[in-house]
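Order of listing sets the numbers, starting from 1, for every ligand and every atom in it.
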Amino acid sequence: MPIRKVTGFTTFALQKKTDRMQSVSLHDKEFVLYLEEDKIQKAIEKMAKTLEKEYAGKDVVFVGVLNGCFRLIADLMKYIEFEAEVNFIKLSSYRGTESTGKISDLMSLNTDLRNKHVIVLEDIVDTGHTLDYLRDVLKEKELASLKVASLLFKPDAFMGRHKPDYVAFEIPNLFVVGYGLDYDGLGRNLNDIYQIKS
Ligand code: IMP
C-alpha cells in the first residue's frame with residue numbers, strides 16, 4: 001500500500017491504526033477483535049445524550065477513574081454540552097488479568113465535592129470492588145448525588161454492592177483490552193476492544 005505524504009510526514013502510523021486488526025498479541029497473550037471503534041463511539045454519544053437529559057442545569061462533576069478511563073472521558077466530553085467539572089482519581093486493583101481484590105488509592109481527589117452531582121466514569125466494572133471502595137470514599141463528601149457510568153460491565157463477575165447506573169455494553173466474564181484498557185500496561189492505545197483468546 002503506498003504511503004501518502006502529509007506536510008512532509010509519512011502517514012505510516014495513521015495507516016497502521018486505521019487498518020483494523022482482527023487479533024493482537026500483547027506480552028504472552030492473544031486477543032481477538034470484539035467491539036469496533038464506531039460501535040464504541042455511537043454508544044458513548046448515546047450515553048452523553050442520556051446524561052444530558054438527567055443533568056443539564058445541575059452542578060455536575062465527572063470523576064474519571066484512572067488509568068483506564070482516559071479515552072472514555074475524552075470522547076464523552078466531545079458530546080457533553082452542559083457545563084460540568086472534570087476531575088480524576090487513580091485506583092488500582094489489577095495485576096495481569098486478575099483482580100487482587102485489594103484497592104490502592106494512588107492519586108486522591110483534590111476538589112471540594114460538597115453539594116455536587118457526581119458522575120463517576122469507569123472504563124469497566126468487573127468484580128465491583130473498585131466501585132465499592134470509591135463509594136465509601138465519596139460517601140464522606142456530602143454529595144448532592146452519586147451515579148456511576150461505565151463503558152463496559154461484566155455482570156457475571158460482579159460481586160459489588162451497587163451495579164453501575166449507566167452502562168454502554170454488558171460483556172461476558174472474559175479479559176478485554178483496548179480503548180484505554182490494558183494487559184500489564186499494554187493495549188491502551190488500541191481504538192477497538194479485543195477479547196482474550198480462550
Ligand atoms: P473491579 O474492581 O474488579 O471492578 O475492576 C476494576 C478495574 O480493573 C477496572 O477499572 C480496570 O482497570 C480493571 N479491569 C477489570 N477487568 C478488566 C479487563 O477485562 N481488562 C482490563 N482491565 C480490567
Counting both backbone and side chain atoms, is some N or O of Val176 under 3.5 Å from an N or O of ligand 1? yes

Please tabulate, one pair per line, all N/O donor-acceptor pairs under 3.5 Å involving side-chain atoms of residues 76-83, not counting sequence neighbours.
{"unit_1": "Lys78", "atom_1": "NZ", "unit_2": "Asp75", "atom_2": "OD1", "d": "2.8"}
{"unit_1": "Tyr79", "atom_1": "OH", "unit_2": "Gln41", "atom_2": "OE1", "d": "3.4"}

Ignoring hydrogens and angles, tell me if any N or O in the side chain of Arg71 forms a donor-acceptor pair with the backbone of Leu190 under 3.5 Å. yes

Distance filter under 4.0 Å to [X] heavy atoms, resulting ligand 1 atoms:
{"X": "Glu122", "answer": "10 (O)"}
{"X": "Gly128", "answer": "1 (P), 3 (O), 4 (O)"}
{"X": "Lys154", "answer": "16 (N), 17 (C), 18 (C), 19 (O)"}

So is Val177 close enough to ligand 1, meaning a heavy atom under 4.0 angstrom away? no

With a cutoff of 4.0 Å, is Val65 in contact with ligand 1, counting heavy atoms of the residue only? no

Ignoring hydrogens, just give me the one of Tyr194, Tyr183, Phe175 whose non-hydrogen atom is nearest atom 21 (C) of ligand 1. Phe175

Proximity of Asp182 to ligand 1 by residue part, where a heavy atom lies under 4.0 Å: backbone

Run the salt-bridge test on Lys29 and Asp184 with the 4.0 Å N-O cut-off and return the result as yes or no. no

Hey, what's the ring geometry for Tyr183 with His27, parallel, tilted or perpendicular (30° and 60° as the breaks)? perpendicular

